[in-house]
Asker: 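Structure provided below as structure tokens; questions to follow.
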Amino acid sequence: MKIDQAETDMDLTDSGLRYDLTVPLVRYYSKNANDLPKPFKALQMGNVFRADRPQRGRYRQFMQCDIDILGDPTNLAEIELILATTTTLDKLGFKNFEIRINDRQILKAMAEYSGFAEEDFDSVFITLDKMDKIGIDGVKEELIKDGYDEAVVTKYIAMFDEISSSDDAVTMICDKLADYLDEKVVDSFKEIITTVEKTKSDCFEIVFDPTLVRGMSYYTGTIFEIAIPEFGGSCGGGGRYDKMIGQFTGNDVPACGFSIGFERIILLLMEQGFKVDSSDDKICYLIDKKVKGAKLAEIVEQAQAERKKGKQILVSFMNKNKRFQKEQLVEQGYENFEEFYND
């Protein structure tokens with residue numbers, strides 16, 4: 001059967017696969033908010049889909065691991081999400097990675113200070129988001145090519161040079177943008193960084209990155225990404241999206257989330273030869289099929305007791321071809337066997 005070619009963009013977007021887990025979570029919350037605790041903390045994993053070109057660590061179907069806090073207007077939400085995510089990565093053995101942090105309000109203030117019109121912010125940020133690929137000179141060249149005033153672009157680019165050479169970039173840029181930033185936004189942003197720095201482990205650094213944009217237009221405040229050197233790109237990220245729930249309910253609810261790309265983390269672990277920690281004591285209890293009742297319960301109870309000691313116990317009935325059964329189990333790592341028969 002011949003499939004007709006889509007004629008317009010809208011023909012391609014009448015339906016689609018799930019893009020992320022955030023919008024479905026918001027829809028769920030909007031329907032069930034009255035029955036949920038406040039704040040509502042969610043942890044979920046699920047497959048999502050993107051129309052990307054497949055490459056190392058980037059797939060059209062992949063799994064996201066999300067944690068979100070809905071209903072907390074304070075910066076404790078960002079602090080808890082950052083620390084929870086980095087603790088997980090630390091336990092997996094990742095070291096020397098960065099949590100890059102920025103705020104959409106700072107991004108907008110920098111653009112406004114430079115002289116860009118508000119309706120051009122999104123276009124400017126799309127170009128800025130290419131900084132890691134085309135460099136600061138490339139960003140400047142592209143903005144001028146797009147028709148923006150050269151003096152405005154030059155003023156904008158100069159701020160990034162100032163930030164890169166400053167010992168206290170956050171204070172410097174926020175002081176410069178004082179007329180364009182709410183003082184509460186500045187204080188909250190600084191408090192997030194200070195609190196994380198005081199309480200974090202040694203496995204990562206939190207770094208102010210004024211070029212961090214995050215592609216999702218629904219972010220309203222703090223945004224962050226995980227940068228792991230071995231991958232050379234983002235392995236996760238998130239931010240505050242205080243306006244999304246209101247689009248469903250008519251009433252805005254503060255919300256913040258952090259997501260890790262499962263496949264990217266697994267890819268790095270596999271490249272590092274990571275193995276799941278397990279006990280060296282892998283023992284198989286082989287039980288004769290004539291064993292029943294109290295005797296069977298006694299064997300299972302013994303297995304449970306050994307498992308509590310950290311041993312890996314497999315309980316299985318004997319096959320007719322016990323020799324072949326053992327050979328298969330040896331391939332699975334079981335070298336110790338205990339056999340049980342009726343007394």
Side-chain angles (χ1 to χ4, degrees), residues 39 41 43 66-92 94-113 125 128 131-132 159-214 216 219-229 234-243 253-260:
K41 298 182 179 182
L43 187 155
D66 283 17
I67 51 174
D68 293 80
I69 300 177
L70 286 68
D72 186 349
T74 74
N75 58 17
L76 187 59
E78 284 95 329
I79 293 167
E80 284 198 308
L81 291 174
I82 291 172
L83 293 177
T85 302
T86 53
T87 298
T88 300
L89 293 175
D90 188 12
K91 288 184 176 181
L92 288 172
F94 289 99
K95 306 295 179 186
N96 303 317
F97 61 92
E98 290 181 346
I99 298 296
R100 296 176 181 166
I101 187 169
N102 198 9
D103 194 294
R104 296 285 288 195
Q105 300 303 313
I106 294 176
L107 273 173
K108 292 177 180 179
M110 290 178 69
E112 185 180 0
Y113 169 85
F125 297 158
L128 178 64
M131 179 81 81
D132 60 334
M159 281 191 288
F160 295 100
D161 289 330
E162 291 181 65
I163 289 169
S164 64
S165 61
S166 174
D167 293 331
D168 187 354
V170 176
T171 298
M172 185 279 293
I173 196 64
C174 289
D175 288 347
K176 181 183 284 290
L177 303 174
D179 293 336
Y180 303 88
L181 277 174
D182 188 322
E183 189 175 347
K184 291 181 180 178
V185 171
V186 174
D187 290 342
S188 177
F189 187 69
K190 288 182 177 180
E191 191 172 46
I192 292 169
I193 295 175
T194 301
T195 303
V196 171
E197 284 180 337
K198 287 183 178 180
T199 56
K200 72 180 184 66
S201 67
D202 295 331
C203 69
F204 75 99
E205 296 294 331
I206 184 165
V207 179
F208 170 50
D209 182 356
T211 69
L212 181 61
V213 174
R214 297 294 297 163
M216 305 298 188
Y219 289 124
T220 58
T222 317
I223 48 178
F224 26 73
E225 275 189 358
I226 306 167
I228 299 179
S234 171
C235 290
R240 183 166 283 279
Y241 51 99
D242 289 346
K243 299 293 183 181
V253 175
C256 194
F258 210 139
S259 176
I260 292 178

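Side-chain atoms are counted along with the backbone in the values below, which use heavy atoms only and exclude waters and symmetry mates.
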Asker: Working to the nearest 0.5 Å, report the span between OG1 of Thr195 and CG of Leu76.
Answerer: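 CG of Leu76 is found 9.0 Å from OG1 of Thr195.
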
Asker: Could you state the interatomic distance from CG (Asp90) to NZ (Lys95), rounded to the nearest 0.5 Å?
Answerer: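 That separation rounds to 4.0 Å.
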
Asker: For Ile82 and Ile192, what are the C-alpha separation, side-chain angles and deciding distance, and is it a side-chain contact (heavy atoms from CB on, under 4.5 Å)?
Answerer: CA-CA 9 Å; Ile82 291 172; Ile192 292 169; 4.2 Å; yes

Asker: Looking at residues at least two apart in the chain, or sitting in another chain, which of them share a salt bridge (Lys or Arg N to Asp or Glu O under 4.0 Å) with Glu191?
Answerer: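 Once residues adjacent in sequence are excluded, Glu191 has no partner under the salt bridge (Lys or Arg N to Asp or Glu O under 4.0 Å) criterion.
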
Asker: Do the side chain of Asp72 and the main chain of Pro39 share a donor and acceptor less than 3.5 angstrom apart?
Answerer: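 No, the answer is negative, given that no donor and acceptor are paired below the 3.5 Å cut-off.
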
Asker: Please examine the side chains of Leu107 and Leu128, heavy atoms only from C-beta on, and report whether any two atoms are closer than 4.5 Å.
Answerer: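 Heavy-atom side-chain distance check passes, below 4.5 Å.
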
Asker: Phe94: which residues meet the ring-ring contact (aromatic ring centres under 6.0 Å, His included) condition with it, sequence neighbours left out?
Answerer: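 With neighbours one apart ignored, the set is empty.
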
Asker: Using the ring-ring contact (aromatic ring centres under 6.0 Å, His included) rule, collect all pairs that involve residues 176-203, keeping only residues at least two apart or in two chains.
Answerer: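 Of all non-adjacent pairs touching residues 176-203, those that pass ring-ring contact (aromatic ring centres under 6.0 Å, His included) are Tyr113-Tyr180, Phe189-Phe208.
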
Asker: On a heavy-atom basis, which atom in Phe125 and which in Ala111 lie closest, and how many Å separate them?
Answerer: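 Phe125 and Ala111 have their closest heavy atoms at CE2-CB, 4.1 Å.
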
Asker: Does a side-chain heavy-atom distance below 4.5 Å link Ile173 with Glu162?
Answerer: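 Ile173 vs Glu162: side chains apart.
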
Asker: Which pair of heavy atoms, one from Arg100 and one from Leu212, lies closest together, and at what distance?
Answerer: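 Looking at all heavy atoms of both residues, the closest pair is O-CD2, 3.4 Å.
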
Asker: Taking the side chain as every heavy atom from C-beta outward, state whether Gln105 and Leu181 have any pair of such atoms under 4.5 Å apart.
Answerer: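 Gln105 reaches Leu181 side chain to side chain.
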
Asker: Taking all non-hydrogen atoms of both residues into account, name the closest pair between Phe224 and Cys256 and its distance.
Answerer: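 Smallest interatomic distance, heavy atoms only, reads CZ-SG, 4.0 Å.
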
Asker: Using the side chain to side chain donor-acceptor pair (under 3.5 Å) criterion, which residues pair with Ser166? Sequence neighbours excluded.
Answerer: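 So Ser166 forms no side chain to side chain donor-acceptor pair (under 3.5 Å) with any residue.
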
Asker: Rounded to the nearest 0.5 Å, what's the gap from CD1 on Ile260 to CG on Leu92? Could you check?
Answerer: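 So the CD1 of Ile260 and the CG of Leu92 are separated by 8.0 Å.
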
Asker: Quick one: closest heavy-atom pair of Asp66 and Ser259, and the distance?
Answerer: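 Asp66 and Ser259 have their closest heavy atoms at OD1-OG, 2.7 Å.
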
Asker: Could you walk me through whether Val170 and Ile193 satisfy the side-chain contact (heavy atoms from CB on, under 4.5 Å) test, starting with their C-alpha distance in whole Å, then the side-chain angles of each, then the deciding distance to 0.1 Å, before giving a yes or no?
Answerer: CA-CA 10 Å; Val170 176; Ile193 295 175; 4.0 Å; yes

Asker: Closest heavy-atom contact between Ala169 and Ile163?
Answerer: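 Heavy atoms of Ala169 and Ile163 come nearest at CB-CG2, 3.6 Å.
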
Asker: Is a side-chain donor or acceptor of Thr87 paired with a backbone partner of Leu83 at a separation under 3.5 angstrom?
Answerer: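 Answer holds: yes.
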
Asker: Let me see the working for Val196 and Phe204 under side-chain contact (heavy atoms from CB on, under 4.5 Å), right down to the final yes or no.
Answerer: CA-CA 10 Å; Val196 171; Phe204 75 99; 3.9 Å; yes

Asker: With rounding to the nearest 0.5 angstrom, report the CD to SG distance, Glu98 to Cys203.
Answerer: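 Here the interatomic distance stands at 12.0 Å.
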
Asker: Could you grab the distance from atom CD1 of Ile226 to atom OG1 of Thr86, nearest 0.5 Å is fine?
Answerer: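 So the gap between those two atoms works out to 8.5 Å.
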
Asker: Check salt bridge (Lys or Arg N to Asp or Glu O under 4.0 Å) between Asp242 and all other residues, then give those that pass, not counting sequence neighbours.
Answerer: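 In terms of salt bridge (Lys or Arg N to Asp or Glu O under 4.0 Å), with neighbours along the sequence ignored, Asp242 is linked to Arg240.
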
Asker: Check this for me: Asn96, atom CG, are more than 12 non-hydrogen atoms of other residues, nucleotides or ligands nearer than 6.0 Å?
Answerer: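 Counting neighbours around CG of Asn96, 12 or fewer heavy atoms of other residues, nucleotides or ligands fall under 6.0 Å, so no.
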
Asker: Return yes if a side-chain donor-acceptor contact under 3.5 Å exists between Asp68 and Tyr241, otherwise no.
Answerer: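 Result is yes, a qualifying pair exists.
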
Asker: Is there a donor-acceptor pair under 3.5 Å between the side chain of Ser188 and the backbone N or O of Val185?
Answerer: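 No, the answer is negative, given that no donor and acceptor are paired below the 3.5 Å cut-off.
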
Asker: Can you measure from CZ (Arg214) to OG1 (Thr222) and round to the nearest 0.5 angstrom?
Answerer: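 It is 13.0 Å, given to the nearest 0.5 Å.
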
Asker: Only pairs at least two apart or in different chains count here, so list each salt bridge (charged side-chain N to carboxylate O under 4.0 Å, His left out) that has a residue in residues 194-210.
Answerer: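 Residue pairs passing salt bridge (charged side-chain N to carboxylate O under 4.0 Å, His left out), neighbours aside: Lys200-Glu205.
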
Asker: Tell me the closest heavy-atom pair linking Ala84 and Ile67, and the distance in Å.
Answerer: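 Looking at all heavy atoms of both residues, the closest pair is CB-CD1, 4.0 Å.
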
Asker: Walk me through it: do Arg104 and Ile223 pass the test side-chain contact (heavy atoms from CB on, under 4.5 Å)?
Answerer: CA-CA 7 Å; Arg104 296 285 288 195; Ile223 48 178; 4.0 Å; yes

Asker: Would a 4.5 Å heavy-atom cut-off, applied to side chains only, mark Met159 and Pro210 as touching?
Answerer: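 Result no, sub-4.5 Å side-chain heavy-atom pair not found.
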
